[in-house]
Amino acid sequence: MSLTLLVEQILNGMQFGVTLFLTASGLTLVFGVMGLINLAHGSLFMVGAFAAAATAAATGSFLLALAASIAAAAAAGAIIEVGVIRRLYARDHLDQVLATFALILIFSEGTRWLFGSFPLYLSIPDALAGPVTLPGGIRYPLYRLMTIGVGLVIALGLYLLITRTRLGIRIRAGEADREIVAALGVDISRLYTVVFALGAALAGLAGALVGAIQSVQVGMGEPVLILAFVVIVIGGIGSIRGSLVGAILVGLTDTLGRFLLPGFFRLFMDNSAATSVGSALASMLIYVLMATILIWRPTGLYGARA
Amino acid sequence: MKTRNLLLAACAAALIAGSAAAEAVKVGMITTLSGGGASLGVAIRDGFMLAVKQAGAKDLEVIVEDDQRKPDIAVQLADRMIQSDKVDILTGIVWSNLAMAVVPAATAQGKFYISPNAGPSALAGKGCHKNYFNAAWQNDNLHEAAGAYANQAGYKKSFIMAPNYPAGVDALNGYKRFYKGELAGEVFTKLGQKDYASEIAQIRASGADSVFFFLPGGMGIAFLKQYAQSGVDIPLIGPAFSFDQDILQAVGDAALGVRNTSQWNKDLDNPANKAFVEAFVAEYGRLPSLYASQGYDTANLILSAMAKADVKDADAFRAALEAADFDSVRGAFKFGPNHHPIQNIYVREVIKEGDVYTNKTIGVALENHADAYAKDCKM
Amino acid sequence: MSREAVLNLILAAGFLVFPLWAWMAEEPFLITLATRAAIFAIAGVGLNIALGYGGLVSLGHAAFFGIGGYAMGILASHAQTYTPLLEWPFLVEGTKSMPVIWIVAMLASALAALAIGALSLRTSGAYFIMITLAFAQMLYYFAISWPAYGGEDGLPIYVRNGFPGLNTLDPIQFFALVYALMLATIAVAALVRRAPFGLALNAARQAPERVRAVGISPYRLRLAAFAISGTITGLAGALFADLNRFVSPAMFSWQTSGEIMVFVILGGTARLFGPVAGAALFIALEHLLGGVSDYWHVFLGALLLLVVLFGRNGVVGILAGQEARRG
């Protein structure tokens, strides 16, 4: 195993982590501010990807497709917030789980109704296609480098939004004490709609960015949802910083586990047994990571003490 | 439920016609029509129903139900079709794990099961049954052909990759059964995995001269797109599942030029195939996929047996199925001793015709190929 | 008698009358459907002890459901091929006897629930939801990639296991068995709720400090509830495997955990017969809507949404009104 391969795998883990962060940040924002468990977050991810694929097919422009993914997911988010979600803030987590589970069913089969059963085409623009050579002779896909960049910019943007803007102050205040903020004259329900739409937009953007190098199909949201939950729980619910750290931790663990574990078992097993045991263990690794972290720190890495 | 109404109409027509002859043959189709795997089930159903429509068979009733790709739902539907609907023949299942849940119990109850897709090794070897027929392939066949093609193409150092589940293990074993070169690497991925950056980096570093991969559905779409972006240009080989007509449009340019193995392609030169492709396009407005061709052949196999024997006479009907006296869209087709096909497996290349991505047949990987498990089958 | 008690009686009777009617009408499939609903109800009764009485929202009960299923699959597959399960240090043979399988399934899931519970109960709230999910996912991926018992293809059992004195292959007799077990687990749940243990558990859910103040450890109470809960869900898993004559890793999937949870919430959390009502309604909807359209999930989703938004505390809550809160 060469050093460049290891460096490349670390880069891959970072990139996987950053794409996870895009989905997880919206989820943790909504959870932190409104205390809402939103299982339909993966559906908003799917809405973004489908909107991007449809727009790219119609216009041929990737930038327009990204814009459409943000707009469509934000719109879908605002609609379900006003129609359904806002009735759930006062309910316990169980009602939220059931209602958002119902939303998954509606979104998934509704999308299939509109777009058919077959996967859609969405690819990256020619300008971003192909690999670039990094210092040290590593050839790395340009698009993946760009997603790392976009993810980090969004992380910075969210940080600034929450610490430096008026909206951010309201969000933090709403998180701390809903009644007082309302009493001070802030329209709390509009604030919630805005936050929910923002979270949805982030999920939609992630769907489009990821859809371009993976596949755009019905059901693409659920595995991402589970991973996003893993990330926010590791990082501590409600913490944007935690979800960034958690996402990169999950990305690195998963990528390096898949890469290193079979090799590790090959040291004392025959080749094909090592391959199969190593990869079986690798597929369980992020859940082992999450359980270990929660046993060690029951509210995640950056979570408020219970 | 369009299909259902259509069939009810067909039945009503049959009643009006007052055919006092044999009762209608009832076929229960359990397939995946909702959720992420629906495209395969829809293709099988569409192919099957096209053949039924063309035959205009009034004495054939088809009941179509959605298994949601869940084994327990499939078992429940099979129970219902056997107990309440009193079907004679079951068919339609897409996935091996669902087939394993349904087929042994159905055949044990004296029903016929004709598989339009899944062909797990357990049902081809020791677990074979006289009432179980597979009209598509044994699971290993296309992978074996890929191994044979790798020899023909002169590859000496393959990197091989599949998800870590039984069909994936079978795929790699099938490839290795025929491939004679050495392995540059062997990797099992996580089932449902969508990011292949790590595997692609290993492929790049392995010094391989060819990459064999089996990644069905969305996994294959994701891998092909990412591989094309990585700048690695080691040639790919795979079974047809990742290059099927319905998926290719979602992969686009990333699949162009890839060689893949299949028992069928739309350009196979035989009259039955030409008629099938034409009729399918006219009926559904899209090109047929591999799965649609399998559904179509399955229906024609059943129709050919119905013409020869009464389904209530199980021995005669079985003999009629074994004869496989129908014009397969694959050209020559016959059953081996374990009721799995003996057929040619072709090499195809992905091309672009106008705006449509599709496959072109470029050669034969294996001629009259039978599966490796037939010798373990004792009926 | 309270309204809820009347409703419970109607539910229990209806659950018996429907399959008997189906038996008279010679509709064996409807009996199978009712059996399926009853098995899901048992799984829900199990989850309800943790979720309803203990306030422990577990999204990992598929782990116990699957362990129960595999206990049946592994024992029966060894019996069916006449190979011993274990030869060393002592000989263990497979079995096709339901009572033995049930006991093994319950013991195995009880042990798993103790282990998972002991670790998971260090957390609470959404963290608890996710850590239980994590353990179930570990088992799911293990079952998929572990080749000995079929991996993702699963493990078919050709003949349903036997129960002394009954022909379990006959749908109505198998239903009767499952129905009896369903009533038995409901009785256990009722007992748990009324016993001092249950009262303490309820108190630990509402005011853990007070429970601690009287010298009881809430952690131990919760762990015991979680273990009982997992045990019952494990039994349901073994029955489910016998109903389908098939086990597969799908039993471990997070969708299974989600569905069991939906039965409980749909029926009415912490209601004794809530899971029964929830499972029956869900199975009925699935069966009736499945014939309406290829896209029937949309309608199922819309109906579930209406129940959550406009009915407080599930179906039993809508029909029986607010529960009279005890002390």
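Every chain is numbered from 1, with letters handed out A, B, ... down the list of sequences. We use all heavy atoms of the structure for the numbers below, so side chains are in, but hydrogens, waters and symmetry mates are not.
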**Q** What's the shortest heavy-atom distance between A/I237 and C/A126, and which atoms?
**A** CD1-CB, 3.4 Å
**Q** Mind checking the OG1-CG spacing from A/T292 to C/L119? Nearest 0.5 Å is all I need.
**A** 9.5 Å
**Q** Using only atom types and a distance under 3.5 Å, with no angle test, would you say the side chain of C/Y127 pairs donor to acceptor with the backbone of A/T299?
**A** yes
**Q** Under a 4.5 Å heavy-atom cut-off, does chain C meet the side chain of A/F107, its backbone, both or neither?
**A** neither
**Q** About how many Å separate NE2 of C/H297 and CZ of A/R112, when rounded to the nearest 0.5 Å?
**A** 9.0 Å
**Q** If every non-hydrogen atom of C/R122 is compared with every non-hydrogen atom of A/P298, which pair is closest and at what distance?
**A** O-CB, 3.4 Å
**Q** If you tally heavy-atom pairs under 4.5 Å against chain C, which of A/I226, A/L281, A/I104 wins?
**A** A/I226
**Q** As an exercise: rank A/V233, A/L285, A/L88, A/I293 by heavy-atom pairs under 4.5 Å with chain C and give me the winner.
**A** A/V233
**Q** Can you tell me how far apart CD1 (A/I106) and CG (C/L305) are? Round to the nearest 0.5 Å.
**A** 5.0 Å
**Q** Given side chains that start at C-beta, do those of A/L98 and C/M261 come closer than 4.5 Å, heavy atoms only?
**A** no
**Q** With side chains defined as the heavy atoms from C-beta onward, is the minimum distance between A/I295 and C/I131 less than 4.5 Å?
**A** yes
**Q** Are any non-hydrogen side-chain atoms of C/Q137 and A/M284 less than 4.5 angstrom apart?
**A** no
**Q** If the plane angle is over 60° it's perpendicular, under 30° parallel, otherwise tilted; pick one for A/W113 and C/F299.
**A** perpendicular
**Q** Non-hydrogen atoms of chain C under 4.5 Å away: do they reach the side chain of A/S276, the backbone, both or neither?
**A** neither
**Q** Let me know if A/L294 has heavy atoms under 4.5 Å from chain C in its side chain, its backbone, both or neither.
**A** both
**Q** Under 4.5 Å from any heavy atom of chain A, what part of C/L59 do you find: side chain, backbone, both or neither?
**A** neither
**Q** Below 4.5 Å from any heavy atom of chain C, which atoms of A/F229 appear? Answer side chain, backbone, both or neither.
**A** both
**Q** Identify which part of C/I129 has an atom lying under 4.5 Å from any heavy atom of chain A, answering side chain, backbone, both or neither.
**A** side chain
**Q** Can you tell which of C/A302, C/G314, C/S145, C/G301 has the highest number of heavy-atom pairs within less than 4.5 Å of chain A?
**A** C/G301
**Q** Do A/E109 and C/Y295 pair up side chain to side chain, a donor and an acceptor below 3.5 Å, judged on atom types alone?
**A** no
**Q** If we ignore hydrogens and angles and just use 3.5 Å, is the side chain of A/R87 paired with the main-chain N or O of C/L309 as donor and acceptor?
**A** no
**Q** For the residue pair C/A134 and A/Y287, what are the closest heavy atoms and their distance?
**A** O-CB, 3.6 Å
**Q** For the CZ atom on A/R172, are there more than 12 heavy atoms of other groups (residues, nucleotides or ligands in this structure) within a distance under 6.0 Å?
**A** yes
**Q** Pick one of side chain, backbone, both or neither for C/F128, based on which atoms fall under 4.5 Å of a heavy atom in chain A.
**A** neither
**Q** Heavy-atom distance under 4.5 Å between the side chains of A/V97 and C/V57, does that happen here?
**A** no
**Q** To the nearest 0.5 Å, how far apart are CD1 in C/I265 and CD in A/Q96?
**A** 10.5 Å
**Q** For C/L303, is it the side chain, the backbone, both, or neither that has a heavy atom closer than 4.5 Å to a heavy atom of chain A?
**A** neither
